[in-house]
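Down below is the structure, laid out as structure tokens.
For ligands, and for the atoms within them, numbers begin at 1 and follow the listed sequence.
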Amino acid sequence: MPDAAPPTVSPLTTSAPGGDEAFPGFVVAIDGPSGSGKSSVSKQVARELGYGFLDTGAMYRSLTWWCLDTGVDLDDADAVTAAARELPLHIGTDPDDPTVTVGDTDVTAGIRESRISEQVSKVAVVIPVRELLRDQQRRLIADASGERGGVVAEGRDITTVVAPDAPVRILLTASEEARLARRSTELHGAADAGSVAATRAQVLGRDAADSTVSQFSVAADGVTTVDTSDLDFAGSVAAVLQVVAAARA
Ligand SMILES: Nc1ncnc2c1ncn2[C@@H]1O[C@H](COP(=O)(O)OP(=O)(O)OP(=O)(O)O)[C@@H](O)[C@H]1O
Ligand SMILES: Nc1ccn([C@H]2C[C@H](O)[C@@H](COP(=O)(O)O)O2)c(=O)n1
């Protein structure tokens, strides 16, 4: 499947809310709770469509990494906002090479460490930080969709705030049980009672904090819910591609 030729793209344009320009290509916006598969499924969907891929969570993670690296107190919202203004971030939008750098440091792997996952919500709930990153995300979506004819962008507020006029908006969800099992398997190599319990606080705690600033537990008007609880990874990718195909038919 990854080597399949990209489908012909109709020249659809999406308006970029709050900006002066329309997004130049087709935008697939995906949000949902932690462990629903947003990042991994979106990346594969982007590959199969020949589109760009934007992982907006990586931007919040990079800011968290930068604050910790430079000694910024994550509980000081003003200091975190100042850091966001200075953040020397580069985020790749090639789904085969979504490299993230902060300054000269490749943080692609580092931003996935538990120390970041456990603290990233402190950064993500700061409203001025969200506004700064939202503007950057819209620019990245415009650039990537222009370069490749389309982009798959994922994150907690993509369908509601960053790209509410995207032609495809999906809430990718799964039962709490499925999400915990997936994350547990990813982090601990198993989904037995012990490892699920160890994962629970991180996954549910982060969702609880993040839901104070974004709405990702129920689909907003016009957003299609794709429930992957009973789907494997390939099935989830196929379900999203089906929604995209229906929107373009
Ligand atoms: N349908 C699926 N069936 C089984 N495993 C899946 C499925 N979708 C994703 N996964 C796996 O679940 C894990 C979590 O997926 P992923 O990181 O993409 O979720 P996410 O929604 O982006 O989470 P977060 O918002 O916390 O970053 C990954 O290891 C991924 O490979
Ligand atoms: N558009 C977004 C993207 C991410 N966040 C927050 C929520 C998460 O706690 C954190 C990391 O995201 P992840 O990599 O786990 O998807 O960033 C957000 O608030 N809005």
Measure [X] to ligand 1 on non-hydrogen atoms and call it side chain, backbone, both or neither using the 4.0 Å cut-off.
| X | value |
| --- | --- |
| Glu154 | neither |
| Ser117 | neither |
| Ser39 | both |
| Lys38 | both |

Protein residue, atom and distance nearest to [atom], heavy-atom basis:
| atom | result |
| --- | --- |
| atom 24 (P) of ligand 1 | Arg183 NH2, 3.0 Å |
| atom 9 (C) of ligand 1 | Ser40 OG, 3.5 Å |
| atom 29 (O) of ligand 1 | Glu186 CD, 3.5 Å |
| atom 4 (C) of ligand 1 | Arg182 NE, 3.6 Å |
| atom 19 (O) of ligand 1 | Gly37 N, 3.2 Å |

As an exercise, identify every atom of ligand 1 less than 4.0 angstrom from a heavy atom of [X].
| X | result |
| --- | --- |
| Arg206 | 26 (O) |
| Ser236 | 1 (N), 2 (C) |
| Pro33 | 21 (O) |
| Phe233 | 1 (N), 2 (C), 3 (N), 8 (N) |

Ligand 1 to [X] polar contact by distance, N or O atoms, under 3.5 Å:
| X | result |
| --- | --- |
| Leu231 | yes |
| Thr228 | no |
| Ser36 | yes |

Please confirm whether [X] comes under 4.0 Å of ligand 1, counting heavy atoms of the residue only.
| X | answer |
| --- | --- |
| Gly155 | no |
| Gly57 | no |
| Arg156 | yes |

Would you mind checking if [Y] and [X] are paired as a salt bridge, meaning a charged N to carboxylate O distance below 4.0 Å?
| X | Y | answer |
| --- | --- | --- |
| Arg130 | Asp157 | yes |
| Arg134 | Glu131 | no |
| Asp55 | Arg112 | yes |
| Lys122 | Asp75 | yes |
| Glu154 | Lys43 | no |
| Asp207 | Arg179 | yes |

Test side chain to side chain contact (heavy atoms under 4.5 Å, CB included) on Thr93 and Val151 and set out the steps.
-> CA-CA 8 Å; Thr93 53; Val151 66; 5.7 Å; no
Which pair of non-hydrogen atoms, one from Ala174 and one from Asp227, has the smallest distance, and what is that distance?
-> CA-OD1, 3.8 Å
At their closest point, which heavy atom of Val244 faces which heavy atom of Phe26, and how far apart are they?
-> CG1-CE2, 4.2 Å
Distances only, to 0.1 Å: what are the N or O pairs between ligand 2 and the protein that fall under 3.5 Å?
unit_1	atom_1	unit_2	atom_2	d
ligand 2	1 (N)	Thr56	OG1	3.0
ligand 2	1 (N)	Arg156	N	3.3
ligand 2	1 (N)	Asp157	OD1	2.7
ligand 2	9 (O)	Arg206	NH1	3.1
ligand 2	9 (O)	Asp210	OD1	3.4
ligand 2	9 (O)	Asp210	OD2	2.6
ligand 2	14 (O)	Arg61	NE	2.7
ligand 2	15 (O)	Arg61	NH2	3.0
ligand 2	15 (O)	Arg206	NH1	2.8
ligand 2	16 (O)	Arg156	NH1	3.0
ligand 2	19 (O)	Arg130	NH1	2.7
ligand 2	19 (O)	Arg130	NH2	3.2
ligand 2	20 (N)	Arg130	NH2	3.2

Within 45° of the six-membered ring axis of Tyr51 and under 6.0 Å from that ring's centre, is NZ or CZ of Arg148 located there?
-> no
Centre of Phe23's six-membered ring, under 6.0 Å away, within 45 degrees of the axis: is that where NZ or CZ of Arg138 sits?
-> no
Would you indicate whether Asp221, at its atom CG, is surrounded by more than 12 heavy atoms from other residues, nucleotides or ligands within a distance under 6.0 Å?
-> no
Assess whether atom NE2 of His188 is packed by more than 12 heavy atoms of other residues, nucleotides or ligands within 6.0 Å.
->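 Buried by this count: over 12 neighbours within 6.0 Å.
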Looking at residues at least two apart in the chain, or sitting in another chain, which of them share a side-chain hydrogen bond (donor to acceptor under 3.5 Å, both in side chains) with Glu177?
->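 Here no residue qualifies.
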Going by distance alone, is a donor N or O of one side chain under 3.5 Å from an acceptor N or O of the other, for Thr56 and Arg61?
->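 No - no donor-acceptor pair under 3.5 Å links their side chains.
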